[in-house]
Amino acid sequence: MKYQNFPKIDLHLHLDGSVLPQTLLELAKKQGVEAPADDLPSYLRYIERCSGCGSVNEYLKMFDLPVDVMQDSDSIARITRELIELLHSQHLAYAEIRFAPQLHTKKGLTQAQAVEAVLKGREEGLKNCPGFEVGILCCMMCIGTEKVNWQENAETVEVCGKYLGKGVVGLDLAGAEGIVPLRNFAPLFKRAKELNIPCTCHAGDSQGPDTVRDALDFGVSRIGHGHHIFEDKALVERAIRDGVAIEVCPTSNIQCMTQPSYREHPAKKLLDMGLAVTINTDNMTFAGVDLDREYRHCLEDMGFTEDDLLKLSENSIRAAFMPEELREKLLKELEELRKN
């Protein structure tokens, strides 16, 4: 059985980290935005250098250009459409694309308008991609103490609630871990719960399992990255008991040095312990991966078997913020593959 035939699902995919490189350079030139390189080969070498530098700060610098060019509705819609068409060409069955509306308000867009631009790109992309479905996640951001952008994050929750069920499927908290205790963001997740918004949360990546504990206390059903939960077996048991999935992004973890190597990554051990592990790409452009390549790493470098990949796919289907009708369809497809 080949993993290319699985119902492939990417639950952890950042829009600004997955822009087509040529589109980035084209938009930068058109908008008069300074880019770190003038031509595609040079820009690709810049990405390779930053993604392999072993420094999270250097890695994060790559996001400056996409955020700078994604400050108008047309550019945001185009980038969303192109990513959806790319994912469809890679034979994904479902994906959740996440972005932070507050990062796209530098030139006058409101957060709501930024969401509407993404939803327009989603609609345009899906017209060209039969049999494919995409949900949008709105990200709150940790960029300092929780007070720095509290109002912006509170607005993100409300905007997410406004467009929930209209292409938006859930809420996330992304950004830097460890600046302040994650639990400081609890009131935002409490409000999301009042609005019945499904939630995930970045945790347990650059920091240890304590951030995962805070995220679980928020009542989220998924953890972005989350692999450092392995250091606290009681916390693993709690996540299993609560049916919480973790969104592992192997290549991103290696590039940012939150794990030392594919071989030493605990994802396989966590799966064997019964945790709902899923495999995702994080930032397709900056990580230089697609889901097939991540699956190859799983098989060749991380100790997973092809049967494990079926379980990973099942975990993704069950954890996704997708319509129940689609979930049942994909689970049925997966069961047919198991029989064959």
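Quick caveat: nothing in here was measured; it's all calculated off a predicted structure.
In this structure, the side chain to side chain contact (heavy atoms under 4.5 Å, CB included) partners of Glu116, at least two apart in sequence or on a different chain, are Gln113, Tyr163. Residues satisfying the ring-ring contact (aromatic ring centres under 6.0 Å, His included) criterion with Tyr262, sequence neighbours excluded, are His297. In this structure, the ring-ring contact (aromatic ring centres under 6.0 Å, His included) partners of Phe286, at least two apart in sequence or on a different chain, are Phe63. Residues satisfying the ring-ring contact (aromatic ring centres under 6.0 Å, His included) test with Phe132, not counting sequence neighbours, are none. For Glu96, the side-chain hydrogen bond (donor to acceptor under 3.5 Å, both in side chains) test picks out Tyr94, Arg222, with sequence neighbours left out. The side chain to side chain contact (heavy atoms under 4.5 Å, CB included) check on Lys106 picks up Val67, Asp68, Gln71, with sequence neighbours excluded. Residues passing the side-chain hydrogen bond (donor to acceptor under 3.5 Å, both in side chains) test with Ser313: none are found, sequence neighbours excluded. When the ring-ring contact (aromatic ring centres under 6.0 Å, His included) test is applied to His14, the partners found at least two apart in sequence or on another chain are His12, His202. Residues forming a side-chain hydrogen bond (donor to acceptor under 3.5 Å, both in side chains) with Ser252 (at least two apart in sequence, or on another chain): Asp282. With sequence neighbours excluded, no residue forms a salt bridge (Lys or Arg N to Asp or Glu O under 4.0 Å) with Glu146.
The hydrophobic cluster containing Tyr46 also contains Val69, counting ILVMFWY residues as joined when their side-chain heavy atoms lie under 4.5 angstrom apart, directly or transitively. Note on Leu103 and Leu109: separate hydrophobic clusters, where clusters join Ile, Leu, Val, Met, Phe, Trp and Tyr whose side-chain heavy atoms are under 4.5 Å apart, directly or indirectly. Hydrophobic clustering keeps Val289 apart from Leu309 (ILVMFWY residues linked when any side-chain heavy atoms are closer than 4.5 Å, directly or through intermediates). Side-chain heavy atoms closer than 4.5 Å link hydrophobic residues (I, L, V, M, F, W, Y) into clusters, and following such links, possibly through other members, connects Ile246 to Met273. By the criterion of side-chain heavy atoms lying less than 4.5 angstrom apart, applied directly or through intervening Ile, Leu, Val, Met, Phe, Trp or Tyr residues, Met302 is grouped together with Leu299 in one hydrophobic cluster.
Remark: side-chain polar atoms of Gln111 are not paired, donor with acceptor, to backbone N or O of Thr105 under 3.5 angstrom. In terms of modelled atom types and a separation under 3.5 Å, the side chain of Asp242 and the main chain of Val244 share no donor-acceptor contact. A side-chain donor-acceptor contact under 3.5 Å links Asn153 to the backbone of Met141. A donor-acceptor pair under 3.5 Å links the side-chain atoms of Ser18 to the main chain of Met284, judged by distance alone. The closest donor-acceptor contact from the side chain of His104 to the backbone of Phe99 lies at 3.5 Å or more, if one exists at all. A donor-acceptor pair under 3.5 Å is absent between the side-chain atoms of Asp16 and the main chain of Pro66, judged by distance alone. Although no hydrogens or angles enter the test, the distance criterion places a donor-acceptor pair under 3.5 Å between the side chain of Thr211 and the main chain of Gly204. Between the side chain of Gln259 and the backbone N or O of Ile254 there is no donor-acceptor pair closer than 3.5 Å. For the pair Asn283 (side chain) and Thr285 (backbone), a donor-acceptor distance under 3.5 Å is absent. The backbone N or O of Glu152 lies less than 3.5 Å from no partner atom in the side chain of Asn149, so there is not a single donor-acceptor pair.
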Given the rule in the salt bridge (Lys or Arg N to Asp or Glu O under 4.0 Å) test, do Glu123 and Lys166 qualify, once you have shown the distances and angles that lead to the verdict? CA-CA 10 Å; Glu123 181 180 4; Lys166 302 174 183 178; over 6 Å; no

Steps toward side chain to side chain contact (heavy atoms under 4.5 Å, CB included) verdict (Phe189, Cys199): CA-CA 8 Å; Phe189 285 92; Cys199 290; 4.0 Å; yes

Run the salt bridge (Lys or Arg N to Asp or Glu O under 4.0 Å) check on Lys332 and Glu335 step by step: do they pass? CA-CA 5 Å; Lys332 185 176 180 180; Glu335 186 58 34; over 6 Å; no

Would Phe230 and Lys269 count as a side chain to side chain contact (heavy atoms under 4.5 Å, CB included) here? Give the steps. CA-CA 8 Å; Phe230 183 70; Lys269 294 177 181 177; 3.7 Å; yes

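Side-chain contact, Thr278 with Glu247: no donor N or O sits under 3.5 Å from an acceptor N or O. Thr258 and Asp205 share a donor-acceptor pair across their side chains, judged by distance under 3.5 Å alone.
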Show every donor-acceptor pair shorter than 3.5 Å between a side-chain atom in residues 32-39 and any protein atom, with sequence neighbours excluded, or say none if there are none.
unit_1 : atom_1 : unit_2 : atom_2 : d
Asp39  : OD1    : Ser42  : N      : 2.9
Asp39  : OD1    : Ser42  : OG     : 3.0
Asp39  : OD2    : Ser42  : OG     : 3.1

Taking only distance into account, with no hydrogens and no angle test, what donor-acceptor pairs under 3.5 Å do side-chain atoms of residues 322-331 form with protein atoms, sequence neighbours excluded?
unit_1 : atom_1 : unit_2 : atom_2 : d
Glu324 : OE1    : Arg327 : NE     : 3.2
Glu324 : OE2    : Arg327 : NE     : 3.2
Glu324 : OE2    : Arg327 : NH2    : 2.9
Arg327 : NH1    : Ile317 : O      : 2.7
Arg327 : NH1    : Arg318 : O      : 3.2
Arg327 : NH1    : Ala320 : O      : 2.9
Arg327 : NH2    : Ala320 : O      : 3.4
Arg327 : NH2    : Met322 : O      : 3.1
Lys329 : NZ     : Glu333 : OE2    : 2.7

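Classification of Lys8 and Asp292 as a salt-bridged pair holds, one side-chain N sitting under 4.0 Å from a carboxylate O. At a threshold of 4.0 Å, the pair Arg191-Glu194 counts as salt-bridged, since one of the basic side-chain nitrogens sits closer than that to a carboxylate oxygen.
No side-chain heavy atom of Leu188 sits under 4.5 Å from any side-chain heavy atom of Leu173. Looking only at side-chain heavy atoms (C-beta outward), Lys233 and Glu237 stay at 4.5 Å or farther from each other. A 4.5 Å side-chain heavy-atom check between Leu83 and Leu13 finds at least one atom pair inside the cut-off. Residues Tyr43 and Gln22 form no side-chain contact, since every pair of their non-hydrogen atoms from C-beta on lies 4.5 Å or further apart. Leu216 places a side-chain heavy atom less than 4.5 Å from the side chain of Ile223. A heavy-atom distance below 4.5 Å is found between the side chains of Asp217 and Arg213. Counting heavy atoms from C-beta on, the side chains of Cys138 and Arg98 never come closer than 4.5 Å. Contact of the Leu171 side chain with the Thr156 side chain is registered, since non-hydrogen atoms from C-beta on lie closer than 4.5 Å.
How far CG of Leu44 is from CZ of Arg49: 11.5 Å, rounded to the nearest 0.5 Å. Taking NE2 from His228 and CD from Glu177, the interatomic distance works out to 8.0 Å, rounded to the nearest 0.5 Å.
The number of heavy atoms from other shown groups lying within 6.0 Å of CD (Gln31) is above 12. For Lys268, the NZ atom counts as densely surrounded, since its 6.0 Å shell holds more than 12 non-hydrogen atoms of other residues, nucleotides or ligands.
The salt bridge (Lys or Arg N to Asp or Glu O under 4.0 Å) test with Arg78 is passed by exactly one of Glu124, Glu85, Glu26: Glu26. Of the listed residues (Leu312, Asp10, Asn315), just one forms a side-chain contact (heavy atoms from CB on, under 4.5 Å) with Ile279, and that residue is Leu312.
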